[in-house]
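Below: the structure, in structure tokens.
Proteins get letters first, then strands, A, B, ... in listed order; numbering begins at 1 in each. Reckoned from all heavy atoms, side chains included, excluding hydrogens, waters and symmetry mates.
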Amino acid sequence: MEPVITRFPPSPTGSLHIGGARTALFNWLFARHHGGRFILRIEDTDVARSTEASIKAILDAMEWLELDWDEGPYYQTARLDIYREYLRKLLDSGHAYFCDCTPEELEKRRKEAMAAGRKPKYDGRCRDRGLGRGPHRVVRFRVPDSGTTVLNDLIKGPIFFENAELDDLVIERSDGIPTYNFAVVVDDVTMNISHVIRGDDHVNNTPRQILIYQALGIRLPFFAHVPMILGEDRTRLSKRHGATSVMAYKEMGYLPEALINYLVRLGWSHGDQEIFSRSELVEYFRLEDVGKSPGVFNPEKLLWLNAHYIKERSAESLVPVLRPFLDQRGCSAKSDGYLAEAIRTFQPRVHTLVEMADAMRVYFVEKVELDPAAAGKFLTEAMEEPFERLISAIEQMEDFRQESLESVFQQILNDMGLKFGKIAQPVRVALTGGTVSPGLFEMMGVMGKEAVLDRLKRGLEYIRSR
RNA sequence: GGUCCCAUCGUCUAGUGGCCUAGGACACUGGCCUCUCACGCCGGAGACAGGGGUUCGAGUCCCCUUGGGACUACCA
């Protein structure tokens, strides 16, 4: 068995999106599973649309997802000599020829053909004109007029194409830059790619590429076409469907492991298992378990996975990833230790780091802002005495810990013949301003004695003032 | 239009001729737990697109129909 070498070849015309990330992930997993190599290649032959910023954005996203590559990034624009060498071979063997039809003429003929009910394919006008290199001339690949080309897809099975349906595609533009279908073949050949795993929007390109392999006399790699990811409306996922860039999810407070876990299950499965660690993924991933039908991107399931991973991770490990979100909200002045304790109280209650950061405000505010409705309902005069007792009892506490806090509360409750449920909400309102929060004792443990006393006293003031 | 692909709950999926009275997960929903909200636990509703074959037997194999998607550039 030859070594497994896969590649991910994004074109730098935008950020890394969800679909590309899944393709990258599948390639990465397949290579890792087989102990092979994973190559990153930047397909920047579309000079007009490629940008430095996109390259950086893609690399950042790959790193965030921890999809590390063994070689590259290679840049196609730095490999022009190599394409020329292979182009020469095709020209010499008669598999390629020059064409001077202008884009305008081509467009016109396409329209005419369509209008006349014929196929809008290149008519082969320059095929046998024996043109040489010259300005405004492109190089076309000569596709056989007859015969069948078979794509033995590892996911979809054999797919047959009639060569007569294909037209002579341009393989080198008039500016000397190769086009995708040619560059991809030369790259995959020279990089010894063993498995080409890509989106199935490339299926129709594959016979052309296979023909080029054959014209070059080179053995084919294995092809595996992964079904598309669709939006809610079942069309190809795009910006119209909301956030589609990987980094947008980072900014919305998602954890990379959640995105990875979500993406891998979109199109791939391992029995009924839903949650996978990175090492399980590497161990289990097989192309045979990739489905054939396209899948709809479902943000709600991703959200559930994110909540799951927020609960699973240690609070300590969440501190550094949460920091940036806290900073944005001006909530920076706390130690890592304090944050870890605070995070713990919200881990089972939030779905994203954004929600977490928002919720954490209760631990940062100087003065609690009482929600009028909540205060009106719970900070009643019947609470005056319980609050007074609580305050003085807490003031006398030596060790302000959860357990001791609980017994202090219990003592007062017993003395007054009250149930905990009676004072829980009033205390919660005093502590947080609202009626929804983590458990009272865990929260007080985080806040500390001074903050708790301060808030209870303010609550008492409110009660007395009504 | 042409070429190609696809088709199990709303969504992601298990299922490879009998184990299916079709399983799991998200979402939805009833209940339990409970200091609120979550979490968690227990339960419910919810699908084999339609029609023909093949077979003793079809979600599983074949054909047709329907529906959806991709491609159809000097983009990738």
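Taking the six-membered ring where tryptophan is involved, the planes of Phe285(A) and Phe30(A) are perpendicular, since the angle between them exceeds 60° and thus also 30°.
No hydrogens or angles were tested; on distance alone, nothing pairs the side chain of Arg349(A) with the base of rC39(B) as donor and acceptor under 3.5 Å.
Using P as the reference atom, rU21(B) and rU60(B) are 15 Å apart when rounded to the nearest Å. Nucleotides rC41(B) and rC4(B) place their P atoms 49 Å apart, quoted to the nearest Å. The P atoms of rG59(B) and rG2(B) are separated by 33 Å, rounded to the nearest whole Å. Going from the C1' atom of rA45(B) to that of rC5(B) covers 34 Å, rounded to whole Å. Nucleotides rC33(B) and rG24(B) are separated by 25 Å at their C1' atoms, to the nearest Å. With both ends at atom C1', the span from rG51(B) to rG46(B) equals 25 Å, rounded to whole Å. For rU55(B) and rU65(B), the C1' atoms lie 23 Å apart once the distance is rounded to whole Å. As rounded to the nearest Å, rU54(B) and rU8(B) have P atoms that lie 26 Å from one another.
Residues meeting the ring pair (Phe, Tyr, Trp, His ring centres under 6.0 Å) test with Phe409(A), sequence neighbours left out: Phe441(A). Checked against side-chain contact (heavy atoms from CB on, under 4.5 Å), Arg125(A) has the following partners two or more places apart in sequence or in another chain: Cys101(A), Arg109(A), Tyr122(A), Asp123(A).
The shortest side-chain heavy-atom distance between Gln347(A) and Leu318(A) falls under the 4.5 Å cut-off.
Look at rC71(B): its Watson-Crick or wobble partner, with both distances under 3.5 angstrom, is rG2(B). rA45(B) is unpaired under the Watson-Crick or G-U wobble criterion, no partner having all donor-acceptor distances under 3.5 Å. Applying the Watson-Crick and G-U wobble criteria (two distances, each under 3.5 Å), rU66(B) pairs with rA7(B). With a cut-off of 3.5 Å on both Watson-Crick or G-U wobble distances, the partner of rG59(B) is given as none. In a base pair of the Watson-Crick type (N1 to N3 plus N6-O4 or O6-N4) or a G-U wobble (N1-O2 and O6-N3), with each distance short of 3.5 Å, rC37(B) is matched with no nucleotide.
If you take CZ of Phe420(A) and P of rC35(B), they are 7 Å apart, rounded to a whole angstrom. The separation between Lys121(A) atom NZ and rG1(B) atom C1' is 15 Å, rounded to whole Å. Atom C1' of nucleotide rC37(B) and atom CE of Met443(A) are separated by 11 Å, given to the nearest angstrom.
For Arg110(A) and rU72(B), the shortest distance from a side-chain N or O to OP1 or OP2 is not below 4.0 Å. Considering only side-chain N and O atoms, Arg137(A) lies nowhere under 4.0 angstrom from the phosphate OP1 or OP2 of rC74(B). Contact annotation: Thr435(A) side-chain N/O to rC37(B) OP1/OP2 distance is not under 4.0 Å. Contact check, Ser11(A) against rC75(B): no side-chain N or O comes under 4.0 Å of OP1 or OP2.
Backbone-only engagement by Arg234(A) is indicated by non-hydrogen atom pairs under 4.0 Å involving sugar-phosphate atoms exclusively. Counting any heavy atom pair closer than 4.0 Å across all strands shown, Ser293(A) reaches sugar-phosphate atoms only and no base atom.
Which of rC4(B), rC75(B), rC5(B) sits closest to the side chain of Lys156(A) comes down to rC5(B). Among the nucleotides rC26(B), rU36(B), rG2(B), the one closest to any side-chain atom of Asn298(A) is rC26(B). Ranking rA27(B), rC71(B), rC12(B) by closeness to the Trp304(A) side chain, first place goes to rA27(B). Residue Asp46(A) has its side chain nearest to rA76(B) when only rC74(B), rA76(B), rU36(B) are considered. Nearest nucleotide to the side chain of Thr45(A), out of rC6(B), rA76(B), rU11(B): rA76(B). Distance from the side chain of Asn204(A) is smallest to rC71(B) among rG1(B), rC71(B), rA76(B). In the set rC71(B), rC26(B), rC4(B), rC4(B) carries the atom at the smallest distance from any side-chain atom of Phe161(A). Each of rC4(B), rU13(B), rC74(B) was ranked by its minimum atom distance to the side chain of Arg173(A); first place goes to rC74(B). In the set rA70(B), rC75(B), rA14(B), the nucleotide with an atom closest to the side chain of Thr179(A) is rC75(B). Comparing atom distances between the Phe441(A) side chain and each of rC35(B), rA14(B), rC4(B) picks out rC35(B) as nearest.
Between the side chains of Arg428(A) and Gln425(A), at least one donor N or O lies within less than 3.5 Å of an accepting N or O.
Look at Arg7(A) and Glu43(A) and you find no salt bridge, because none of the NZ, NE, NH1 or NH2 atoms lies under 4.0 Å from a carboxylate O.
Although no hydrogens or angles enter the test, the distance criterion places no donor-acceptor pair under 3.5 Å between the side chain of Gln273(A) and the main chain of His270(A).
In terms of position on RNA chain B, the residue among Val170(A) and Ser437(A) whose nearest nucleotide sits closer to the 5' end is Ser437(A).
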